[in-house]
Amino acid sequence: MSIQRKQINVLPRIVEAEAKINLLKKEIRKERKKIKQIRRSRIWRYSLLFRKMLYFFAELKRLLELLKRRHEYLQFEDRYNDLQMKYKESLGETKEVREQLRKITNSTGGAELNLKKNDLKIISKKAKENGQITEYLNDLIEKKMLMDKYYYEAICIAAKTYRNENKELRNYVYSLALEGFNIKGFPEFLIRQLTDHGEIELQYATSFSALLTMRARLKQLHSNLPEEILDNKALAYKFIDYLNVKRPWVKSSFTVDDIPIIDNSVIKPFHGAGSRGVYLYFEFNHIRDVKRQNTLKSKQELINKMKQDLIDGWVSEDNWLVEELIIGNSSKNQPAKDYKFYCFYGKVELILEVTRYPNIKYCWWNSKGEHITTGKYQEELYEGEAVNPHDIIMVESISVEIPTPFVRIDFLKSENELIFGEFTPKPGNYDQFNKETDQWLGECYLSAQQRLTDDLIHGKQFHTYTTLMEEFFE
């Protein structure tokens, strides 16, 4: 178990106490030095009788003050709480650091840090209208880099003050400092402490968002990543058919002008995300626009919306498909719920439940069927209905057949069962998870990556995926 978990309430108090002890020791040494200087002086030697009479009241006062300070030193355990502010200052919040940050903030227009989001939107819009968006962005980037540099240096300097201290206290301060760095900015001396001695947990360096971003870069370097190939709807359905998992019927590909209109069907773009361009066609006068959350009353209105999606860039190309509409409650003619499984090579760690009728609502689950908070959709959460454990096992059996650390596998819940929807390599707005969830999912990703590597080293063949690839590259 980590130091933070075992001693979270003890170590901060010890750090505070030791800082106070060191200060008192310095003052005691200073006072002793002054006493020695006085005793060596000529006046001291010649004033023996006088001192016996008057006892140098001023010196006596100083010695009494010294005794008082020594008493404080011996009783320091009763005064931990009074030292909390000095401990915080020892971690970088000294007057000198604050003054440096104040100067650099003022010199770079730091007042912008206090602006609300709407104010920033107005400023950005004006910069665009005036043709100054490039200068504005460059200015913001320069200020951010400058501020990051100063905070980076301040945290490093504060952490290094404990480089030669007791091992447990040093590791506690180091682990606290780790929270202040992003994945690419961890100081070498902290990383060395981990790799050389294994004494500090590096969980703060893990980020699901960063790992998915790096995976996106890998896609640019190598286009045939397994999860990206399965992002193709036709190939995804072939793969699922090999595994004998139920899915909707589908017809593709069509333009807006020739798309067939079929009752109880879903019309969606061949390549899309975030429900943009997705329409539920129940019947001729009951068509649900999923993204805009409104109802269309005619086929012509549907066609107009689809064309608008192309104009607005919501849909990248005029390539559409039509698939079976899975009904969640046939008596009420309601569409099925979505269950989106965050799969890390054979393990489901996170589940997002989505209901879209009458309004869109979300519910987050872990694989144990417990509600959790992720920082996303906080204003649109509802109670939801947990997934059957047997369904989780089924989803994991699909995930373990795909040679990739992460892919989200989406299903629809009919009245009786889960029906496959699609593979999603990059969940929408994956950067909006809170810090705790981002770190947790990052740990899941790295563990999955190692399990996959171990399986490959031991000769796992991934026969279903290999068969699909052979067809794809024929």
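It should be emphasised that the depicted structure is a prediction, and the values quoted were computed from it without experimental measurement.
Defined by atom type and a distance below 3.5 Å, a donor-acceptor pair is missing between the side-chain atoms of D431 and S209. Between the side chains of D318 and W320, at least one donor N or O lies within less than 3.5 Å of an accepting N or O. For the 3.5 Å distance criterion, the side chains of Q300 and N304 qualify, holding a donor opposite an acceptor.
Remark: the backbone N or O of E383 is paired with a side-chain donor or acceptor of H371 at under 3.5 angstrom. Under the 3.5 Å distance criterion, the side-chain polar atoms of N429 are left unmatched by any main-chain donor or acceptor of Q432. Judged purely by atom type and a 3.5 angstrom limit, D312 has no side-chain atom pairing as donor or acceptor with the backbone of W314. S399 places no side-chain N or O within 3.5 Å of a backbone atom of V348 that could act as its donor or acceptor partner. Without hydrogens or angle criteria, N138 side chain to T134 main chain gives a donor-acceptor distance under 3.5 Å.
The CG atom of L418 sits 11.5 Å away from atom CG of D410, with the distance rounded to the nearest 0.5 Å. Between the CG atom of L325 and the CG atom of L412 there is a distance of 8.5 Å, given to the nearest 0.5 Å. Going from atom OH of Y342 over to atom OG1 of T374 covers 7.5 Å, rounded to the nearest 0.5 Å. Between the NZ atom of K337 and the SG atom of C363 there is a distance of 8.5 Å, given to the nearest 0.5 Å. K219 contributes atom NZ, which lies 9.0 Å from atom CD of E227 (distance to the nearest 0.5 angstrom). Between R292 atom CZ and L296 atom CG the span is 8.5 Å, to the nearest 0.5 Å.
By the neighbour-count criterion of 12 heavy atoms within 6.0 Å, atom CZ of F284 is sparsely surrounded, having that number or fewer from other residues, nucleotides or ligands.
For the pair S252 and L321, the tightest heavy-atom approach, listed with the atom from each and the gap, is CB-CB, 3.6 Å. Heavy atoms only, all atoms of each residue included: L302 and I267 are closest at CD2-CD1, 3.7 Å. Closest approach of L310 to V315, counting heavy atoms only: CD2-O, 3.6 Å. T437 and T373 make their closest contact through OG1-O, 3.5 Å (heavy atoms, listed as atom of the first residue, atom of the second, distance). Taking all atoms of both residues into account, the shortest heavy-atom contact from I259 to V256 is CG2-O, 3.6 Å. Of all heavy-atom pairs spanning K376 and G428, the tightest one is NZ-O, 2.9 Å.
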Go through it in stages, so that I can follow the logic: the residues are V245 and F411, the test is side chain to side chain contact (heavy atoms under 4.5 Å, CB included), and I'd like the CA-CA distance, side-chain angles, deciding distance and then a yes or no.
CA-CA 11 Å; V245 176; F411 284 80; 4.2 Å; yes

Audit row: Y377, W364, side chain to side chain contact (heavy atoms under 4.5 Å, CB included) steps and yes/no
CA-CA 9 Å; Y377 312 125; W364 292 102; 3.8 Å; yes

Stepwise salt bridge (charged side-chain N to carboxylate O under 4.0 Å, His left out) check, D241 with R247:
CA-CA 8 Å; D241 288 343; R247 64 166 178 85; 2.9 Å; yes

Decide side chain to side chain contact (heavy atoms under 4.5 Å, CB included) for Y281 and I262; before the verdict, give the C-alpha distance in whole Å, the side-chain angles of both, and the deciding distance to 0.1 Å.
CA-CA 7 Å; Y281 192 97; I262 304 171; over 6 Å; no

Walk me through whether M394 and L243 qualify under side chain to side chain contact (heavy atoms under 4.5 Å, CB included).
CA-CA 10 Å; M394 180 270 292; L243 298 175; over 6 Å; no

Given the rule in the salt bridge (charged side-chain N to carboxylate O under 4.0 Å, His left out) test, do K426 and E228 qualify, once you have shown the distances and angles that lead to the verdict?
CA-CA 9 Å; K426 295 182 295 298; E228 296 295 339; 3.4 Å; yes

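By the 4.5 Å heavy-atom criterion applied to side chains, Y465 and E401 are not counted as neighbours. Using a 4.5 Å heavy-atom cutoff, the side chains of F341 and I398 are not in contact. Using a 4.5 Å heavy-atom cutoff, the side chains of H286 and T295 are in contact. Taking 4.5 Å as the limit, some side-chain heavy atom of I402 sits within range of a side-chain heavy atom of F423. Considering only heavy atoms from C-beta on, R215 stays 4.5 Å or farther from F406 through its side chain. A heavy-atom distance below 4.5 Å is not found between the side chains of T424 and K340. Side-chain contact check for F433 versus L350: some heavy-atom pair is nearer than 4.5 Å. Taking 4.5 Å as the limit, every side-chain heavy atom of E353 sits out of range of all side-chain heavy atoms of T355.
Relative ring orientation between Y430 and F208 is described as perpendicular, the plane-to-plane angle rising above 60° on a 0-90° scale split at 30° and 60°. Note: F344 and Y445 have perpendicular aromatic rings, judged against thresholds of 30 and 60 degrees for the angle between ring planes.
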Pair up each side-chain donor or acceptor in residues 452-460 with any protein partner under 3.5 Å, not counting sequence neighbours, and list the distances.
unit_1	atom_1	unit_2	atom_2	d
T453	OG1	Q449	O	2.9
D454	OD1	Q450	NE2	2.9
D455	OD2	Y345	OH	2.5
H458	ND1	D454	O	2.7
K460	NZ	Y345	OH	3.1
K460	NZ	V400	O	2.9

